[in-house]
Amino acid sequence: MSNEEKEFYERLSERGVSRRDFMKYCGMLTATLGLSSSFIPKVAEVFAAPKQRPPVIWLQFAECTGCSEALLRTMNPWIDQLLLEIISAEYHETIMAAAGHQAEEILQSAVKKYNGKFICVVEGAISTKDNGVYGKIGGKTFLEIAKEVCPKAAAVICMGTCACYGGVQAAAPNPGGYKGVGDALGIKTVNIPGCPPNPINFVGTVVNYLLLGKLPELDDLGRPLFAYGKTIHDQCPRRSHYENDEFVEEFGSEEAKMGYCLYKMGCKGPDTYNNCPIAKFNDGTSFPIEAGHPCIGCSEPDFWDKMSPFFVQSE
Amino acid sequence: MTHYLASVRAVENAVGVQIPDNARIIRNMLHGAQFQHDHIVHFYHLHALDWVDVVSALKADPKKTATLASNVSEAPWGGVPYFKDVQNRIKTFVQSGQLGPFNNAYWGHPAYKLPPEANLMAVSHYLEALRLQAKAARMHAIFGAKNPHLQSFVVGGVTCAKDLTPDRIAEFLFLWKETQDFVKKVYLPDVLAVASFYKEWGGIGGTTNFLAWGDLPESDNEPESLFMPRGVIMKRNLAGVKMASPDEVTEHVAHSWYKGDAARHPYKGETQPQPGEYDTTGRYTWFKAPRYEGEPCEVGPLARVLVAYAWGKKEIKEIVDDVVSKLGIPLTALFSTLGRTAARCIETVAIGNAMEKWTMELIGNLKKGNTKTYESWEMPKSAMGCGLNDVARGSLGHWVEIENKKIKNYQLVVPSTWNLGPRCKNGKLGPVEESLIGTPVADPKRPLEVLRTVHSFDPCIACGVHVIDPDSNQVYKIKVI
């Protein structure tokens, strides 16, 4: 082990992370990103307990905080490691101790201090009708805040379907004229859709950025291909039942108990690009189809309108 | 998961389907896990730093902290090296100059009363709770696919028929045990320890009326079988507790940014936005103002615990009596900010305990060969229904009117609307507005004391607005001490 490496692991252990835990985590993340195992040491370098942690400004607009909650559930790394040792969450309304004017001061000073260098994460959609009057924080509309902060970021990451495409607020008849961040501002964003998204896809995107100095490869909807490159259907553990014409036709039936295919119950897995069946949620515990519920396509644009009725078979 | 549950129940009520026993039990197990998870996160991550000074923890003596910790709690971690590690971690973090979520808060404020050692202990539990909550949330994923936003409830029951296996149930029980151990050995002792330094908060931040729809049905017989009972208490008169009825609810919009000023029952509810300026004498919020028999009511853990206590619910009463006796405060001190925060923990202990019983009941059914999780139903041409729930933050109702098999009207009256709603047509203040009157504030520019009371309601205002704006208008009398 070189001296540099030694120092690195000493710094890590000062921060309460064992070398073993750390390598396990890097290995898992490398696999999620679809990189070869030779990348593990490089992923480790990204988290080399840097002297300067990358600043993150997290904006919350029209949302339910489910995406922040989803990130809190990360177990590789644990959320306290992510927040205290890996990134620097300069501004995040839910978790920050400051409130009111003190909180707004932080936003202003962080944008100034890290101009061009911070990662801006957006959670929630932006109201654009009537000058955005339907959503305000501290007297400023979401639209004004986004216009002020997002262009100064090194990258804008949309966390969740609302920030990506408008989500439930933008569902018909969309009385507040809600839009995703990219549409509302006319900028390119990295989109990590889902209701909520899997936290590993967020962490993976950030690591990719820090590791290779650029954003991961994206599809034409701004989604990282490592996570959103295949349909749910193509990765589904129940796929063989589909091929064998074994379908659930009523919840609670014998077929449901046997874990047959949910296509006839309205499953939108064939039309939905996401890695749920592989990554699963809450440290690999489950995902909707495993719990016997059809996929509702929650990571696709306009899913409230385009994927519903949720329990009717797709044509 | 709470609105999910409420919406499914509203439609079940409208179409008239009775869900099977197993579906009821699984929903209760998941709802119980929600209480455990939500209340732990609220206390440690959304409320504790109103009482705990992180910066002061740097001055603590790890030896004295270890002694204090072993005296007040049975936490599975502790000892001098442990607290030294935690303190070093905070030191390294502070020395990095990047304070992240702890930046620019009210550290050093004179209203912080804990000694450095108690602060260090609390900060270590803040960090432990961050990891514990991620594990606790896995209970939801086992029978509910994922957390947040579960996906296994449908009108008629639950979909997780394939997951009712011994290994899945055992996994659930292990996580339940670890979480409930934390609740009893760490959360409850921490609440008692912190509260003992802030007993004057037993006289600050109280309200007058309390409403609970109740929840966690232990049989088909509702509301009688609700583990957290239904009821309403007016003017703090516990002896006068009575059964609550959804017929008595109206929502006012006279001070809200909606058209008109009629007070309507949710079935007749209208939501017609009319954006306006922030005008504290006129319309000043997106919240409507819900009223029960025309009166504002506090909802949430305190309302639930008071209603359960007033009905003589044994599982709640014994914990309440224990807590007030350990703190040496009268029962009336519960009408306060301290009472609200204590009640949240009290119900977590009681509901968490009941979860074991429910899980055993599920196992018993499965042993007998009862694996039914779903009851089929038909959508009628037209129908009306309401789903009454009591969720982590308080009483939650969904009302649906169905016409031609489609939704004609849908209204929600949610906990934070009850608590944070504005004045009604008759000028009566909302509960949070009322609770802030007379709050002692040491430094108006750093109103830590106001935050304590507002946070004690666990407000969920992602879809609401700020109630106070100290710059434009001083709505509330603030007593400067």
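Each chain gets a letter, A, B and so on, in the order the sequences are listed, and its residues count up from 1.
- By the 6.0 Å and 45° rule, B:Arg27 stacks over the aromatic ring of B:Phe153.
- For B:Pro20, no part lies near chain A; criterion is any non-hydrogen pair under 4.5 Å.
- Interface summary for chain A: among B:Thr159, B:Thr371, B:Asn22, the most heavy-atom pairs under 4.5 angstrom belong to B:Thr159.
- Among A:Gly124, A:Ala70, A:Cys276, the residue making the largest number of heavy-atom pairs under 4.5 Å with chain B is A:Ala70.
- If you check the side chains of A:Asn275 and A:Asn198, you find no donor sitting under 3.5 Å from an acceptor.
- Chain A forms the most heavy-atom pairs under 4.5 Å with one residue out of B:Leu46, B:Thr373, B:Asp163, B:Val41, and that residue is B:Asp163.
- With chain A as the partner, the residue from B:Leu99, B:Ile90, B:Asn103 showing the most heavy-atom pairs under 4.5 Å is B:Asn103.
- In this structure, the portion of A:Met258 lying under 4.5 Å from any heavy atom of chain B is its backbone and not its side chain.
- Residue with the most contacts toward chain B among A:Val133, A:Ile106, A:Ile87: A:Ile106 (heavy-atom pairs, distance under 4.5 Å).
- Between A:His293 and A:Phe311, the distance separating the two ring centers is shorter than 6.0 angstrom.
- When the candidates B:Ile142, B:Val154, B:Leu448, B:Val86 are compared by the number of heavy-atom contacts under 4.5 Å with chain A, B:Val154 comes out ahead.
- For B:Trp286 and A:Tyr134, the gap between ring centers is short of 6.0 Å.
- Ionic pairing of A:Glu90 and A:Lys113 is not present here: no N-O contact between side-chain nitrogen and carboxylate oxygen is shorter than 4.0 angstrom.
- Here A:Pro196 is the residue among A:Gly252, A:Pro196, A:Gly135, A:Cys67 with the most heavy-atom pairs under 4.5 Å with chain B.
- Each of B:Ala48, B:Ala161, B:Gly100, B:Gly157 has some count of heavy-atom pairs under 4.5 Å with chain A, and the biggest count is that of B:Gly100.
- Across A:Gln102, A:Gln60, A:Glu69, the residue that shares the most heavy-atom pairs under 4.5 angstrom with chain B is A:Gln102.
- Proximity to chain A is limited to the side chain of B:His37, based on heavy atoms less than 4.5 angstrom apart.
- Neither the backbone nor the side chain of A:Tyr260 comes within less than 4.5 Å of any heavy atom of chain B.
- If you tally non-hydrogen atom pairs under 4.5 Å between each of B:Leu49, B:Asp50, B:Asn147 and chain A, the highest count goes to B:Asn147.
- The contact between A:Thr94 and chain B is made by backbone and side chain atoms together, counting heavy-atom distances below 4.5 Å.
- The nearest pair of heavy atoms linking B:Pro415 to B:Val391 is CG-CG2, 4.1 Å.
- A:His241 and A:Phe247 have their aromatic ring centers separated by at least 6.0 angstrom.
- Between A:Asp80 and B:Arg131 there is a salt bridge, since at least one side-chain N of the basic residue sits less than 4.0 Å from a carboxylate O of the acidic one.
- Neither the backbone nor the side chain of A:Pro175 comes within less than 4.5 Å of any heavy atom in chain B.
- Between B:His125 and B:Trp77, the gap from one ring centroid to the other is short of 6.0 Å.
- Classification of B:Arg89 and A:Glu85 as a salt-bridged pair holds, one side-chain N sitting under 4.0 Å from a carboxylate O.
- The residue among A:Ala99, A:Ser253, A:Ala103, A:Ala97 with the most heavy atom pairs within less than 4.5 Å of chain B is A:Ala97.
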task: Report the C-alpha separation of B:Tyr106 and B:Arg446 in whole Å, then their side-chain angles, then the decisive distance to 0.1 Å, and conclude whether the side chain to side chain contact (heavy atoms under 4.5 Å, CB included) test is met.
output: CA-CA 7 Å; B:Tyr106 299 141; B:Arg446 305 200 307 155; 3.7 Å; yes

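- Contact annotation for A:Glu290: both backbone and side-chain heavy atoms come within less than 4.5 Å of a heavy atom of chain B.
- For chain B, the nearby parts of A:Ile296 are the backbone and the side chain; heavy atoms of each come within less than 4.5 Å.
- Electrostatic pairing of B:Glu449 and B:Arg452 does not count as a salt bridge here, judged by no charged N lying under 4.0 Å from a carboxylate O.
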